[in-house]
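Bear in mind that the values here come from a model prediction, so they are computed numbers and not experimental data.
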Amino acid sequence: MIDTAHALRILEAVLFASETPVSILVLRQAFEDEYDTQPDQKITNAQIESWLNQLSAKLIDSALELTKTASGYRIQVRPEYARIVNRLWPERPIRLSQALLETLSVIAYRQPVTRADIEQLRGVTVNSQILRTLFDRQWIAEDGFRPVAGRPALLVTTKHFLDAFGLQSLEQLPELQEMNDIIHDLSEKKSE
Amino acid sequence: MIDTAHALRILEAVLFASETPVSILVLRQAFEDEYDTQPDQKITNAQIESWLNQLSAKLIDSALELTKTASGYRIQVRPEYARIVNRLWPERPIRLSQALLETLSVIAYRQPVTRADIEQLRGVTVNSQILRTLFDRQWIAEDGFRPVAGRPALLVTTKHFLDAFGLQSLEQLPELQEMNDIIHDLSEKKSE
Amino acid sequence: MNQIAESEVETQIETDTEAYTESLTAPFARVNDEWFSELPDDLYIPPEAFAIMLERFEGPLDFLLYLVKKNGLDLVKLDIAPIATQYLNYISLMQQLDIELAGDYLVMAALLADLKSRLLLPAPKSLTVEDDPRQSLLARLEEYARIKQGAAQLNDQLVEGRDVFAVTVGVSHVLPDDAEPEIVRFDAEILQLAMRAMLSRPRVVEHRIIAEEVPLEDRIIAVRHAIQHGKSIRFDHLLVRSQGRMGIVVTFMAILELLRQQEIEIVNDGLKDDLQNNTHQNATLLTIRGRTHAA
């Protein structure tokens with residue numbers, strides 16, 4: 001039998017470390033990784049939901065709460081304490097750094113993409129903070145996964161992203177035609 | 001008198017919501033914002049530290065811990081639960097190659113150094129990709145230049161570097177071996 | 001071969017290297033000069049293994065450290081010449097096995113060749129500690145060893161993002177899909193600019209200088225041969241066309257080497273010519289001559 005206290009700590013590790021809301025599928029994955037020796041002891045969704053309830057209860061005495069969104073579970077600061085945070089960092093997520101913009105534009109122009117796709121294109125590791133900021137603003141969302149080993153999540157932009165950039169649809173994104181020329185030029189030079 | 005349970009929740013809201021470690025100054029600010037009606041009831045650093053200790057104790061039964069780094073306090077997933085995170089998102093954990101560690105070590109222990117210093121010390125050409133990764137993670141920064149021909153930029157480590165490596169200051173860097181020990185180690189015959 | 005004490009590299013060679021030497025298709029640089037008369041002690045490693053072995057090292061200093069540790073040399077006594085010898089032998093062998101070497105390894109090879117040749121010279125009477133070439137190499141090795149140890153210690157720290165994960169939770173409410181559009185508007189143009197900046201950034205390529213097979217020792221032999229009996233010869237006549245640029249560089253290194261060993265002298269340093277009048281016909285080039293009193 002799995003020790004409840006340990007189960008709750010596993011949930012905590014996953015939920016707190018995740019940059020995105022965590023689906024029940026991913027949560028089950030975490031337990032299967034941890035208890036892979038007992039294949040007969042399958043952990044059910046009901047079991048996980050029961051632990052989630054207990055975790056929620058554990059958080060009652062804190063400034064945090066467990067919420068359920070369309071794409072899964074996430075822990076956030078309770079609304080009554082959000083005020084304190086917002087007073088401390090009033091301009092919180094609006095800094096659009098070059099790294100953030102590049103990450104966002106890869107997702108916007110090349111969606112759906114995995115984290116690895118972004119790294120491949122940018123040539124540097126994806127900064128977790130940036131993804132979290134984008135998720136926090138709800139400019140990006142997860143939309144399924146690529147059916148390869150590790151089942152990496154596919155990232156897409158959302159309606160809120162379109163709103164923030166004054167776009168009606170993705171077709172209105174500024175054209176990348178020129179860029180294709182640049183790429184073409186570059187590859188031409190290489191082959192010389 | 002401030003209710004301790006409420007104080008702990010304020011700390012939680014701020015520490016959990018922050019993207020970077022939080023200094024004691026900012027924590028005090030959070031309390032002053034909250035209790036600005038009683039200017040006589042100044043909250044001391046000692047008071048905050050005492051609450052931080054209690055918060056730390058509150059986390060004992062969880063997968064999380066409170067830690068102190070160069071720029072302040074941060075809540076993190078305990079190393080023993082990080083394994084779960086690593087397994088779930090295998091692409092996430094950063095990898096530190098030997099070349100990167102050596103480059104970083106030169107900068108950390110011998111700062112400020114130029115690129116040429118690093119090459120001279122390691123005996124190999126500096127890999128631009130590595131420097132870019134270090135800049136991208138904000139572990140290193142340029143700090144002036146050496147007043148010689150070409151005015152090469154001087155590289156130093158940053159607070160982010162200390163934060164990432166769980167150090168409160170450069171003085172906490174593990175000590176390097178004494179010259180004599182090195183000679184001794186090098187001269188030691190292989191036991192086989 | 002592994003049973004042979006590591007420190008006996010200097011003497012162990014004669015016994016079983018003959019067969020190996022003959023098995024090499026490329027002519028092994030086996031000359032009277034002491035530093036090419038011996039072979040590395042792990043000879044029966046296939047070429048691929050050499051390449052893999054070299055990949056384990058972070059560069060020539062790391063490789064030198066390995067050789068130092070492996071041989072258990074007394075660095076207090078500045079016992080560095082045997083290491084230089086071994087290093088040069090490995091490099092020479094790898095070149096003959098067509099293993100690509102990063103330029104850094106060749107730079108170190110030149111430095112060690114220089115060190116060795118200087119050690120052969122009679123020590124100047126006023127040799128100070130700082131002048132001792134072994135001392136400065138030792139200092140570099142020590143400093144590198146220290147930095148390497150520093151790197152290991154950094155690696156032992158609990159690193160955020162690898163061993164621990166900083167926690168950040170969201171604050172804002174989750175907006176419903178039909179929420180009012182955000183007030184902050186950004187120009188979609190900045191996305192295109194970001195994408196352009198990113199895609200036009202030069203791809204990061206790891207530059208590896210590929211060493212052509214021009215072993216320094218081969219060039220030394222060739223130069224020695226060319227200036228036999230005090231003959232003088234112009235630099236360009238020493239070059240082998242097929243060896244290309246690397247051939248020029250290595251031949252020049254060979255000349256410097258022989259100069260140090262006082263086997264040759266310069267007849268014309270090729271510097272007097274006015275650059276503007278310099279044509280291919282009357283170009284003055286470095287010209288050298290064998291010193292008759294040299295052995």
Side-chain angles (χ1 to χ4, degrees), chain B residues 13 15-21 64-65 67 69 74-79 81-82 85-86 92-96 98-106 108-110 119-125 127-129 132 137 163-167 173-177 179 182-183 185-190, chain C residues 2 6-7 56-65 68-77 79 102-105 107-108 138-171 204-209:
Chain B
L15 287 168
F16 275 100
S18 177
E19 290 168 4
T20 52
L64 310 173
E65 64 184 0
T67 182
T69 71
R74 150 180 103 199
I75 290 175
Q76 62 189 28
V77 176
R78 287 178 198 279
Y81 286 90
V85 180
N86 283 340
R92 266 184 69 181
I94 54 170
R95 274 168 201 88
L96 304 177
Q98 182 64 20
L100 184 140
L101 282 167
E102 285 186 12
T103 307
L104 186 59
S105 168
V106 176
Y109 283 100
R110 295 292 179 251
E119 299 196 339
Q120 165 69 15
L121 229 157
R122 293 192 59 227
V124 291
T125 318
N127 182 325
S128 304
Q129 173 74 20
R132 231 188 114 207
R137 295 209 181 119
D163 289 342
F165 283 76
L167 304 168
L173 273 176
E175 273 200 41
L176 290 187
Q177 266 182 312
M179 186 97 94
I182 296 231
I183 296 181
D185 271 14
L186 288 181
S187 303
E188 228 165 47
K189 288 229 176 206
K190 256 194 1 181
Chain C
N2 288 333
E6 312 272 12
S7 54
R56 282 186 14 226
F57 297 103
E58 280 300 320
L61 284 175
D62 200 14
F63 185 43
L64 273 176
L65 269 190
V68 168
K69 283 184 188 156
K70 192 158 114 49
N71 290 286
L73 294 177
D74 189 349
L75 288 183
V76 184
K77 288 188 195 150
D79 198 7
D104 303 316
Y105 282 91
V107 172
M108 178 59 73
L138 181 61
R140 277 187 79 187
L141 275 175
E142 281 168 4
E143 178 67 351
Y144 175 70
R146 214 176 290 128
I147 284 302
K148 200 178 149 149
Q149 177 231 347
Q153 288 179 333
L154 286 180
N155 198 31
D156 287 342
Q157 294 289 120
L158 290 177
V159 181
E160 197 276 314
R162 185 189 67 176
D163 309 305
V164 292
F165 293 91
V167 159
T168 309
V169 303
V171 176
V204 186
V205 190
E206 212 179 309
H207 292 285
R208 289 196 85 88
I209 297 167

A.B. asks: Chain C heavy atoms under 4.5 Å from Arg95(B): which part of the residue, side chain, backbone, both or neither?
C.D. replies: neither
A.B. asks: Tell me, please, which residues at least two apart from Thr69(B) pass side-chain hydrogen bond (donor to acceptor under 3.5 Å, both in side chains).
C.D. replies: Asp163(B)
A.B. asks: Non-hydrogen atoms of chain C under 4.5 Å away: do they reach the side chain of Arg122(B), the backbone, both or neither?
C.D. replies: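 Both backbone and side chain of Arg122(B) come within 4.5 Å of chain C.
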A.B. asks: Check whether Ser105(B) reaches the backbone of Ile147(C) with its side chain - one donor and one acceptor, N or O, closer than 3.5 Å.
C.D. replies: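 At least one qualifying donor-acceptor pair exists.
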A.B. asks: Taking all heavy atoms of Pro79(B) and all of Leu158(C), pick out the closest pair and write down the distance.
C.D. replies: CG-CD1, 3.8 Å
A.B. asks: Of all heavy-atom pairs between Glu58(C) and Val124(B), which one has the smallest distance, and what is that distance?
C.D. replies: O-CG1, 3.2 Å
A.B. asks: Would you say Asp104(C)'s side chain and Thr125(B)'s backbone share a donor-acceptor pair under 3.5 angstrom?
C.D. replies: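 Yes.
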A.B. asks: To the nearest 0.5 Å, what is the distance between CG (Leu61(C)) and CD (Glu102(B))?
C.D. replies: 9.5 Å
A.B. asks: With Asn86(B), which residues qualify under side chain to side chain contact (heavy atoms under 4.5 Å, CB included), at least two apart?
C.D. replies: Pro93(B), Phe165(C)
A.B. asks: Counting only N and O atoms by type, is there a donor-acceptor contact under 3.5 Å from the side chain of Arg140(C) to the main-chain atoms of Gln120(B)?
C.D. replies: yes
A.B. asks: Which of the residues Arg78(B), Arg137(B), Glu175(B), Glu119(B) is involved in the greatest number of heavy-atom pairs with chain C at under 4.5 angstrom?
C.D. replies: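 Top count of heavy-atom pairs under 4.5 Å with chain C: Glu175(B).
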A.B. asks: Quick check on the interface: out of Leu173(B), Leu100(B), Ile75(B), who has the most heavy-atom pairs with chain C under 4.5 Å?
C.D. replies: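 Going by pairs under 4.5 Å, I would pick Ile75(B).
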A.B. asks: If I take atom CD from residue Glu160(C) and atom CD from residue Gln76(B), how far apart are they, to the nearest 0.5 angstrom?
C.D. replies: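 That separation rounds to 7.5 Å.
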A.B. asks: Between Arg162(C), Lys148(C), Gln153(C), who has the most heavy-atom pairs with chain B when the cutoff is under 4.5 Å?
C.D. replies: Gln153(C)
A.B. asks: Looking at Pro21(B), Gly166(B), Ala99(B), Ala13(B), which has the largest count of heavy-atom pairs under 4.5 Å with chain C?
C.D. replies: Ala99(B)
A.B. asks: Would you compute the distance between atom OH of Tyr109(B) and atom CD of Glu143(C) and round it to the nearest 0.5 angstrom?
C.D. replies: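 The OH atom of Tyr109(B) sits 12.0 Å away from the CD atom of Glu143(C).
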A.B. asks: Answer yes or no: is there a donor N or O on one side and an acceptor on the other, between the side chain of Gln157(C) and the main chain of Phe165(B), under 3.5 Å?
C.D. replies: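 A pair under 3.5 Å: yes.
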